[in-house]
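Just so you know, residue 1 is the first one in the sequence shown, and it goes up from there. Since the model is a prediction, treat every value here as computed from it, not as a measurement.
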Amino acid sequence: MRSSLPGPAVAPVVTVDGPSGAGKGLLSATLARRTGWHLLDSGALYRLLGLCAAAEGVALDDDTALGALAARLAVRFVPGRDGIEIDPAGLPAGFPAGEPLLAELRSERAGRLASEIAARPAVRRALLALQRGYRRPPGLIADGRDMGTVVFPEAAVKFFLTASAEERARRRRRQLLGRGENVKISNLLRDIESRDRRDRERALSPLVPAAGAVRIDSTGRTPPAVAAEAWAALRARGLVSG
């Protein structure tokens with residue numbers, strides 16, 4: 001798969017940044033489907049790297065080992081539910097594949113690991129070139145936390161999607177209940193607030209709105225309403241019609 005990963009090219013980029021649970025993934029997938037552009041879910045790369053590190057017993061502060069793991073990853077994203085293909089050649093021996101891996105990527109554990117390793121400069125350097133490599137015609141929708149500030153600062157349109165911590169905890173609990181996991185909302189809220197704090201306060205690539213970003217608060221709003229606002233912003237900038 002590695003040889004067929006997207007290569008660099010001049011193509012428009014739309015970035016969707018924001019905290020965990022704000023709805024970035026759904027909005028990004030919706031925009032990718034409607035535009036026919038490619039999709040990058042950068043959070044999935046960090047989650048996958050964290051899980052690989054845990055599987056191989058790599059310490060989360062071992063920059064050299066984490067960088068080597070990151071260099072092996074080969075992932076393709078397809079707009080839609082669980083639209084991700086992972087080359088097993090880049091994974092630890094015996095690592096789960098298919099639906100078990102996709103389920104693990106959505107877990108709270110994967111989210112915590114991702115948040116911890118995302119603060120490591122070596123990890124961000126290792127993943128930077130990989131993320132930029134997804135840019136190719138006709139365009140790219142890039143979902144993450146520093147897409148508009150660091151990875152694609154020249155993006156044509158930058159969105160910053162947010163929602164209250166309480167709203168994001170409720171959404172996460174609904175997702176977990178749907179998978180048969182009964183988690184206290186107080187615990188989820190504590191984890192979300194802790195993750196937000198780490199993301200905002202890290203020295204490298206902190207979670208902040210990019211200059212000129214279109215800010216959308218999804219609290220109490222439906223995904224179609226959020227997507228409609230984002231689409232209107234793209235249309236106003238001449239990137240889409242209709």
Side-chain angles (χ1 to χ4, degrees), residues 1-2 5-6 16-30 32-33 38-58 60 65-66 69-120 123-124 126-127 130-131 133-134 141-147 151 161 168-169 171-183 187-188 191-192 194-196 198-199 207 223:
M1 178 184 289
R2 185 175 295 278
L5 279 172
V16 183
D17 289 318
S20 173
K24 303 187 305 295
L26 184 54
L27 174 60
S28 296
T30 299
R33 283 195 301 270
H38 301 284
L39 176 66
L40 164 61
D41 177 355
S42 65
L45 296 178
Y46 284 96
R47 286 169 174 256
L48 179 60
L49 181 58
L51 292 173
C52 287
E56 293 205 345
V58 172
L60 299 186
L66 288 171
L69 280 177
R72 286 163 39 190
L73 298 182
V75 182
R76 181 181 300 280
F77 300 99
V78 182
R81 183 181 179 275
D82 296 336
I84 179 172
E85 299 173 6
I86 301 171
D87 186 347
L91 301 177
F95 205 68
E99 180 55 35
L101 174 54
L102 295 175
E104 185 65 13
L105 281 175
R106 297 189 297 266
S107 70
E108 286 298 295
R109 173 174 175 256
R112 287 192 294 270
L113 290 170
S115 184
E116 289 186 46
I117 65 171
R120 310 299 303 176
V123 170
R124 303 200 77 86
L127 291 181
L130 177 61
Q131 291 173 104
Y134 285 89
I141 308 295
D143 161 7
R145 285 172 172 73
D146 64 346
M147 295 295 99
V151 183
L161 188 62
R168 290 183 282 135
R171 291 174 183 173
R172 184 58 177 160
R173 186 168 188 269
R174 284 196 298 269
Q175 291 175 342
L176 294 173
L177 287 174
R179 303 212 304 266
E181 300 179 44
N182 190 4
V183 180
N187 292 340
L188 291 173
D191 286 348
I192 284 173
S194 177
R195 193 179 307 172
D196 285 352
R198 283 198 302 270
D199 289 344
L207 174 63

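Leu105 CG to Ser107 OG: the interatomic distance, rounded to the nearest 0.5 Å, is 7.5 Å. Expressed to the nearest 0.5 Å, how far CG of Leu48 lies from CD of Glu104 amounts to 10.5 Å. Taken to the nearest 0.5 Å, the CG atom of Leu73 stands 6.5 Å off from the CG atom of Leu127. Between atom CZ of residue Arg120 and atom CG of residue Leu60 there is a gap of 9.0 Å, rounded to the nearest 0.5 Å. Here CG of Leu49 is found 10.5 Å from CG of Leu130. Values are rounded to the nearest 0.5 Å. Atom CD in Glu56 sits 10.5 Å away from atom CG in Leu66 (nearest 0.5 Å).
Residues Pro19 and Arg168 have side chains in contact (heavy-atom distance under 4.5 Å, counting atoms from C-beta outward). You'll find the side chain of Val151 stays beyond 4.5 Å of the side chain of Tyr134, heavy atoms only.
Ala65 approaches Val58 most closely through the heavy-atom pair CB-CG1, 3.5 Å. Scanning all heavy atoms of the two residues, the minimum distance from Asp41 to Phe77 falls at O-CZ, 3.3 Å. Contact between Asp199 and Ser115 at its shortest, heavy atoms only, is OD1-OG, 3.5 Å.
When atom types are taken as modelled, the side chain of Lys24 and the backbone of Asp17 share no donor-acceptor pair closer than 3.5 angstrom. With hydrogens and angles ignored, the 3.5 Å screen pairs a side-chain donor or acceptor of Arg124 with a backbone N or O of Ala118. Under a 3.5 Å cut-off, the side chain of Ser28 and the backbone N or O of Ile141 do not form any donor-acceptor pair. In this structure, the side chain of Arg112 does not engage the main chain of Arg195 through any donor-acceptor pair within 3.5 Å.
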Verdict with supporting geometry, Leu113 and Leu51, side chain to side chain contact (heavy atoms under 4.5 Å, CB included):
CA-CA 7 Å; Leu113 290 170; Leu51 292 173; 4.0 Å; yes

Apply side chain to side chain contact (heavy atoms under 4.5 Å, CB included) to Leu177 and Asn182, showing your working.
CA-CA 6 Å; Leu177 287 174; Asn182 190 4; 3.8 Å; yes

Determine, stepwise, if the pair Met147 / Val16 fulfils side chain to side chain contact (heavy atoms under 4.5 Å, CB included).
CA-CA 7 Å; Met147 295 295 99; Val16 183; over 6 Å; no

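Arg172 has no carboxylate O lying under 4.0 Å from a charged side-chain N of Asp191, or vice versa, which leaves the two without a salt bridge.
Listed by chain and residue number, Tyr46, Arg47 satisfy the side-chain contact (heavy atoms from CB on, under 4.5 Å) test with Ala114 (two or more places apart in sequence, or in another chain). The side-chain contact (heavy atoms from CB on, under 4.5 Å) search around Leu26 returns Thr30, Pro223, not counting sequence neighbours. In this structure Ala126 satisfies the side-chain contact (heavy atoms from CB on, under 4.5 Å) test together with Ala70, sequence neighbours excluded.
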